[in-house]
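Inspection log for the structure reproduced underneath, given as structure tokens.
In listed order, ligands and their atoms are each counted from 1.
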Amino acid sequence: MSTHKLHGRRRAAAPAAVAAPVPQARPRDAVRAERRGRGPVRQAAGLAGVTGAGQKAGMALAATGLVLAVAIPTTGAAVAEEPAKPAKAPLALVSTPLSAKVEFSRTGFSTTADPDGRLKQIMSTASGSVTPASAKGSLAAPLAHMTETSPFGQRISPITGELGEFHRGEDFAAGCGTDVHAAASGKVTFAGWHPYGGGNRVVIDHGNGLETTYNHLSSFSVHVGQEVSRGELIALSGTTGASTGCHLHFEVMVNGDVVDPAGWL
Ligand SMILES: [Zn+2]
């Protein structure tokens with residue numbers, strides 16, 4: 001799970017958690033919680049430094065619940081695991097000022113892990129289109145809920161009904177208009193109409209020979225040359241191009257060859 005998502009989803013949680021850490025928590029939990037809690041505070045301070053907005057930035061974050069979000073783990077794992085409604089407002093706050101967005105991502109990932117750094121390492125040892133075992137989990141899920149509807153590889157064509165079609169990606173259930181997120185940081189190299197069935201398609205180059213593509217989109221909100229962060233909202237799913245219904249066709253390419261996305265998610 002990405003910290004980004006964590007922050008985004010916790011927003012609406014109980015304000016009580018911010019007031020004080022739960023005193024009866026086991027010492028180790030308390031320490032861990034405090035450590036987590038420190039992330040956003042540092043982040044708020046960082047934002048203030050970058051934007052020059054001073055305390056106002058911190059107050060704005062607190063007001064929108066960004067700070068609340070991180071305090072939630074102090075109330076226990078049950079609460080932390082509880083799925084929350086995706087909230088648009090905080091996402092907007094984070095992504096509106098460019099400097100703020102960058103700072104947010106960097107802080108969030110450095111406190112837990114460095115997934116894009118790990119990706120770089122994996123790609124430096126990858127040869128050809130072979131997927132290294134270490135690649136599993138190195139890409140973030142492009143959808144909040146991932147349900148595979150058609151695997152990568154040989155299959156019966158859903159369009160022609162014929163055997164032997166090679167499915168270049170993995171299909172996931174997604175009603176039209178579902179948020180689609182970048183699987184990793186990178187640069188958008190294509191955002192437009194794919195003449196060979198992909199419909200509205202976005203391609204992101206993650207560097208070191210790794211690319212991901214997002215297809216049949218109803219719309220996209222990125223342009224060629226744009227740098228995107230891991231987990232960033234880039235498009236809405238759809239059923240454009242050669243598609244029989246709303247879903248996301250997701251591809252992973254290594255040195256120009258498609259590989260099974262399941263080995264990377
Ligand atoms: Zn597909």
Response to the item:
In short, S237 meets G175 closest at the heavy-atom pair OG-O, 2.7 Å
Fill in: Residue H249 atom name (nearest to the Zn ion (ligand 1); N/O/S)
ND1
Worksheet item: What angle, in degrees and rounded to 10°, do you get at the Zn ion (ligand 1) when you join it to OD1 of D171 and to NE2 of H167?
Response: 100°
Worksheet entry | same_hphob_cluster(V258, W264) at 4.5 Å side-chain heavy-atom cutoff | no
Worksheet item: Is there an N/O/S atom in H247 at a distance below 2.8 Å from the Zn ion (ligand 1)?
Response: no
Worksheet entry | Residues in side-chain contact (heavy atoms from CB on, under 4.5 Å) contact with A173, at least two apart in sequence or another chain | T147, T149
Practice prompt. Please tell me if the side chains of F166 and S157 come closer than 4.5 Å, counting only heavy atoms from C-beta onward.
Written response: no
